[in-house]
Structure formats: structure tokens, C-alpha cells
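Atoms within each ligand, like the ligands themselves, are counted from 1 in listed order. Only heavy atoms go into these numbers, but all of them, side chains included; no hydrogens, no water, no symmetry mates.
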Amino acid sequence: MRQAALLTLAFILALSACAPGAGAGAPQPGAVISATPTPQAGSMPPSDSPLPPSASPSDSASAPAFVSPAEMVARMGRGVNLGNTLEAPREGDWGFKITAEHFDLIRSAGFTTVRIPIRWSAHAAETAPYTIDPAFFTRIDQVTTWALARGLIVVINIHHYEEMATTPRRHQERFLALWQQIAEHYKDAPPELLFELMNEPNGLLSAALWNETAASAIQIIRQSNPTRNLIIGGVSWNAWDQLQYLALPQDDHLIATFHYYNPFQFTHQGAEWAPGSDAWLGTTWDATPTQTAEVDAHFDAVAAWSAEHNIPIFMGEFGAYSKAPQPSRVAWTSYIARAAEQRGFAWAYWEFGAGFGIYDLAARRWRDDLLKALMP
Ligand code: BGC
């Protein structure tokens, strides 16, 4: 633990030395984000200090330079997505940009993990070697450093690489080149920075092609990050019932993920990006025996897969859109979070400050009913 804290500190200091300004890579209107190493709850540093309280130059001996997937998932606990920020075409395009204060809020509400969706594909060259814009790396350094310095565990991913769904073969080499660069860039980061290979593989990225692509990505990442925990989910937008089709390489540092938005007509009613969803407005979720039994059956299947493969679970997204009836949103959110916890899944709510938001950015306050549903 001490050694981990020291490594974290060294990483934070190294990054701050090379990350002079905020948002250097994305000074446009709008956007969001998160991340970090987590000591025990209650032992976090003051939110404006990058120094973990346990950092001591004299005690560096024993702790392993890695954290087992099971221990990591236990430590990840409850998290939130900083959605609609860095996965917009440009940070800010979808409403807001991430600030350090967002991590203060997230940490002080009791969350232990932040997942930061990132659209790397919009910030890299189109031709080999597909160089990622250094200014964008600087911005991601800044955001992850803010989160790590506050004791949050940070998940970064490749989000909204849409060509991987429409023309996956043509973009596979570029996808792998992105991971090669990201992995190399963060190879000295503390183990509390986790890589998630891809958000919601879908479309023409079939299970077979995804398995092949993911295996290559893991091999590439392992060259620079031999023991970092990697997060991977199945196709069909990380559906719970697609885990069974994952063909994973032998690797002792994998965490599996799924997203849960069932019943979709409830969670996505009125969602502008879900065609026909206005017709679902008014759909309720009342924790009836039938409704809860369905959730339990799905989660039991995930837990069984997890036990069979000895790979712990991170439910990386779940949430109900703001146009759903509020009492139902609260009931559903609470039930899903508890159902995950009962089975030992870590989770991250979708999301912090936009259309599913638990925080009202304009009013600068939490939506208390939803926050309590997540953190009773
Ligand atoms: C997508 C978001 C979407 C959410 C719920 C996420 O994976 O990135 O754009 O709002 O799922 O549909």
C-alpha cells in the first residue's frame, strides 16, 4: 500500500511537471471527466492536495506493484461516469468540461471510482502511425491526475470509436495503435488507473472480430503494462448476455464489464438518440415481483459467468434518462445498485452531470433522491 502510494505520488508529480495548463487540448465551448489510487475509505487526502497521506519516503518495501482483479473490484465499489465530456467530438460540445471541482464533489459524495469516457479517435491522425495529439494527452493527464489525487480509482476507455462499428476491419490497425500509445503513455501510472478496451462494441464488430481485436489489444498493452488490470465487455453494447461469447486470452489481470439499461423502454424513454422513444414516455418501473425477478435472473447469470471464469465484474454503466418518471428512476436505480452489490459487482452510474445526471450543474447541487438511491 505504501509503495503504491509512493508510485502514485511520483506519477502525479511527473504528470503535473509536463501538464502546464487546463484544457490545453480542448479549449472549445462545453464538456467533462475523472480517475485515481484509493487508500481505505476515510483516509483520503484533502481534495486540493496531490499527496496521499500515507506517502512516506522511508517505507517502500513490500507492497506488490499490482492489485489483483478481485481486490481492485472490491476497492472500486461505487462509481460514476463523467459522461458527455471527453467522449464528445470536442470536450464541451455536449454541454460541459471537466473541472477539478467535479472530482471534489464526486469524492465527497462517497464515490470511490470514476469512469471517464474518451473519444481518442477524434484526436489522432487518420494515417499511420496514428499519432495522438499531444495536447489531448496533456488534457487527459490533467483530468486523470485530478481524479487520482483525490483518491479515486479511474477507468479510462476508448469510447465512441464509431468506425469500429461500421467499418471495423478498416479501423482495427488504428484502434490498436491508439492502445499502443495510450498504454505506453500511462505505463508508470499507479494501478488505480484502469484501461477499459472499448465502450460498447456493436454493429459490424461481431463477437468473433471483437475477440480477435481485443486479444491483439491486450497483447499490445501487456508489452508496456504487464500487470495493469484491464476491463473488457462483450458485444451488443456490452450486453449482460454477451459475456458468454467472450474468448479471453490467458491473463491474470482482467475484469469483465457489462452495461445495464433494462427495460430499455423504461430507461431510454424520450431519449433523443433512441428512435421512437417518445412513444415510451410514461413507462414506469415499480419494483414489482416480475420486474425485480428479471433483474435478478440477469445478474445471477452474470455472477455465474464470473464464478465460472474467475473474473470479477464491473457494471460500468446503468441509469435511467431524466424523462422517465422520477419515482421510478429512483426505485430502479436503487434496485440495480443493490442487486449489483449483493453479487460483488463494482458499478458506475451513468452519469454525473448531463441527461441522466445525479448532479445539477446549473443549480450546483446533487439530485438528492437519486444520490440516496445510489448511496443509501
Ligand atoms: C453512451 C451515451 C448514452 C448512454 C446511454 C453510453 O454508452 O456513450 O451516449 O447516453 O450509453 O444510452
Side-chain angles (χ1 to χ4, degrees), residues 30-34 79-98 113-123 143 155-166 175 178 194-203 205 210 231-243 256-281 283 285 314-324 328-329 332-333 336-337 340 346-359 361 367 370 374:
V32 181
I33 257 211
S34 82
V80 63
N81 280 274
L82 264 171
N84 283 33
T85 55
L86 286 164
E87 88 280 26
R90 287 288 180 279
E91 187 183 11
D93 286 356
W94 291 352
F96 70 111
K97 293 185 178 182
I98 295 170
T113 291
V114 61
R115 179 172 179 262
I116 304 175
I118 304 174
R119 191 188 295 239
W120 296 95
S121 58
H123 303 273
V143 166
V155 177
I156 60 172
N157 70 356
I158 288 185
H159 206 101
H160 285 329
Y161 193 162
E162 289 161 359
E163 296 89 343
M164 284 299 290
T166 53
F175 172 79
L178 293 180
L194 306 186
F195 300 159
E196 180 182 315
L197 296 187
M198 185 191 283
N199 181 65
E200 300 187 343
N202 68 87
L205 190 51
W210 174 229
I231 301 173
I232 179 169
V235 298
S236 290
W237 290 271
N238 291 147
W240 67 271
D241 60 356
Q242 297 298 306
L243 287 172
T257 190
F258 73 103
H259 292 176
Y260 202 75
Y261 289 107
N262 289 6
F264 194 71
Q265 297 194 357
F266 164 67
T267 62
H268 278 66
Q269 56 189 291
E272 294 75 11
W273 63 98
S277 64
D278 278 353
W280 311 334
L281 286 166
T283 305
W285 195 89
F314 169 56
M315 181 172 64
E317 291 187 15
F318 69 107
Y321 195 46
S322 53
K323 291 188 181 174
S328 289
R329 290 179 80 200
W332 183 87
T333 301
I336 301 300
W347 54 254
Y349 178 77
W350 184 270
E351 33 67 23
F352 173 70
F356 293 68
I358 42 169
Y359 186 78
L361 285 165
R367 298 198 165 93
L370 279 174
L374 292 169

Do we see a donor-acceptor contact under 3.5 Å between the side chains of Arg119 and Asn157?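 Side chains of Arg119 and Asn157: no pair found under 3.5 Å.
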Considering Trp273, Phe264, Trp350 one by one, which has a heavy atom nearer to atom 2 (C) of ligand 1 than any of the others? Trp350
Tell me which one of Arg119, His159, His268, Glu87 gets a heavy atom nearest to atom 12 (O) of ligand 1. His268
Heavy atoms, side chains only, cut-off 4.5 Å: are [X] and [Y] in contact?
X: Ile118; Y: His159; result: no
X: Thr267; Y: Asn262; result: no
X: Gln269; Y: Tyr321; result: no
X: Tyr261; Y: Trp350; result: yes
X: Ile232; Y: Trp210; result: yes

For Glu351 and ligand 1, answer yes if some heavy atom of the residue is under 4.0 Å from a ligand atom, otherwise no. no
Can you tell me if Tyr261 has a non-hydrogen atom under 4.0 Å from ligand 1? yes
List ligand 1 atoms under 4.0 Å from Asn199, heavy atoms only on the residue side. 7 (O)
Nitrogen or oxygen atoms of Asn84 and ligand 1 under 3.5 Å apart: no
The closest protein heavy-atom partner of atom 9 (O) of ligand 1 is His160 NE2, 3.7 Å
Considering only the protein, which heavy-atom contact is closest to atom 11 (O) of ligand 1, and what is its distance?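 Going atom by atom, the protein heavy atom closest to atom 11 (O) of ligand 1 ends up being Glu317 OE1, 3.1 Å.
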